[in-house]
Amino acid sequence: MKNFEHLIVMRLAPFVTNVQLNRPAQRNALNGHLWQEIGAVFNFLSTDPDTRVVIISGNGKAFCAGLDLKDSQDILQTPTDASDDPARRARRFREKIVSYQAAFKAIEDCPKPVIAAIHGSCIGGGVDLITACDIRVACSETVFCIKEVDIGMAADTGSLNRLPKICGNESWVREIALTARRFDETEALQHDLISKVYDNRDDMIKGCEKLAISIASKSPVAIQGTKVILNYSRDHSVTDSLNFVANWNMSQLMTEDIPKAALAVFNKQPPPNFAKL
Ligand SMILES: CC/C=C\C=C\CC(=O)SCCNC(=O)CCNC(=O)[C@H](O)C(C)(C)COP(=O)(O)OP(=O)(O)OC[C@H]1O[C@@H](n2cnc3c(N)ncnc32)[C@H](O)[C@@H]1OP(=O)(O)O
């Protein structure tokens, strides 16, 4: 496994990888380096044949405190020559924003399912991060907040773009984004931001591990295809996504996993071993 400065990356079970944000003294606030490492680890895991499911969690008291406010001068400063004109400065700014978006887009684009295990606090950039994950669960006493308007900015790394597609109630999404009001795991569950609440962090990690092992036991061709197609269908019409799945499956239906899996189902056996992908 690769080494990272602000991430702990470890194998929890065969084919199940845990990525832990690891700046506990700063409540896993996102400085420039951590942001860059998140993109790098998910780009790596996308093609790692030993990873079929990823659990992302936070080390210490919080999942993620959002943008590192002590580092934000650096993050929000345009990396330009003082002599650059406003148009050139704006271009550099845009490149920076896109690079931060890319870190979370790497989670969404990773064909392996990503489960966010959220505890403590999940603020600002932390909410941006979890919206790029496939499954989100939390435990008791978790605080969520789309904090950006309180620091004078519109959220630009995913919350405003993905939340309306995740949560059924757009009025609620707008309310929490426009007010930066804190809300808890019960409210997050009620509005579909998360799908389960555990009593405590240990139970949540055990529950995520069990879920991940179950998904990892299935054909990786089937699982990765399912994620890719669900992502595509979220962003396209039914007609376009039916066309997409036909094109996808015209090759993927030729997998040896189908007769292997079908035989096991027919014989009421557990899933067989599937070749690495
Ligand atoms: C291109 C731009 C892209 C994205 C922009 C995103 C915008 C955002 O993310 S806005 C959100 C910014 N974050 C916050 O407003 C959160 C601020 N922190 C808190 O509210 C609390 O710390 C907490 C997360 C609720 C946790 O509370 P608690 O457990 O009581 O810990 P503390 O004693 O408050 O903090 C411990 C320690 O961590 C440091 N810290 C916490 N959050 C941050 C942060 N966001 N940035 C930097 N450092 C943080 C805090 O300063 C403490 O440090 P000490 O050195 O021990 O004092």
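Counting starts at 1 for both ligands and their atoms, in listed order.
Heavy-atom proximity to Glu148, at under 4.0 Å, picks out these atoms of ligand 1: 6 (C), 7 (C), 8 (C). Every atom of ligand 1 with a heavy atom of Gly124 under 4.0 Å away is listed here by number and element: 8 (C), 9 (O), 11 (C). Near Gly66, meaning under 4.0 Å from any of its heavy atoms, are these atoms of ligand 1: 9 (O). For ligand 1, the atoms closer than 4.0 angstrom to any heavy atom of Arg182 are 20 (O), 25 (C). For ligand 1, the atoms lying closer than 4.0 Å to a non-hydrogen atom of Ile151 are 7 (C), 10 (S). Below 4.0 Å from some heavy atom of Ser121 lie the following atoms of ligand 1, by number and element: 24 (C), 25 (C). Against a heavy-atom cut-off of under 4.0 Å, Leu69 is close to the following atoms of ligand 1: 12 (C), 14 (C), 15 (O), 44 (C), 45 (N), 46 (N), 47 (C). The atoms of ligand 1 that sit less than 4.0 Å from any heavy atom of Lys147 are 10 (S), 11 (C), 15 (O).
Residues meeting the salt bridge (charged side-chain N to carboxylate O under 4.0 Å, His left out) test with Asp50, sequence neighbours left out: Lys276. Partners of Phe274 according to the ring-ring contact (aromatic ring centres under 6.0 Å, His included) rule, which considers only residues two or more places apart in sequence or in another chain, do not exist here.
Less than 4.0 angstrom separates atom 18 (N) of ligand 1 from none of the non-hydrogen atoms of the protein.
Considering only non-hydrogen atoms, atom 5 (C) of ligand 1 lies nearest to Met153 out of Gln26, Met153, Arg23.
Counting only N and O atoms by type, the side chains of Ser140 and Asp199 include no donor and acceptor under 3.5 Å apart. When only modelled atom types and interatomic distance are considered, Asn18 and Ser57 share a side-chain donor-acceptor pair under 3.5 Å.
Looking only at distances, no side-chain donor or acceptor of Ser195 sits under 3.5 Å from a matching main-chain atom of Asp192.
A cation-pi arrangement is present between Lys196 and Tyr198, with the terminal nitrogen or guanidinium carbon under 6.0 Å from the aromatic centre and inside a 45° cone about the axis.
Scanning the protein for heavy atoms near atom 50 (C) of ligand 1, the closest one is Lys70 NZ, 4.1 Å. Among protein heavy atoms, atom 13 (N) of ligand 1 sits closest to Ala65 O, 2.8 Å. Atom 38 (O) of ligand 1 has Ala25 O, 3.2 Å as its closest protein atom, hydrogens excluded (heavy atom only). Among all non-hydrogen protein atoms, the one lying nearest atom 4 (C) of ligand 1 is Trp35 CH2, 3.4 Å.
The environment of CZ in Arg94 is sparse: at most 12 heavy-atom neighbours from other residues, nucleotides or ligands sit within 6.0 Å.
Ligand 1 lies out of reach of Phe104, whose nearest heavy atom is not under 4.0 Å from it. Judged by the shortest distance from any of its heavy atoms, Asp156 lies inside the 4.0 Å radius around the atoms of ligand 1.
Proximity of Phe93 to ligand 1, defined as any heavy-atom pair under 4.0 Å, is not found for any part of the residue.
A 4.5 Å side-chain heavy-atom check between Ile229 and Ser241 finds every atom pair outside the cut-off.
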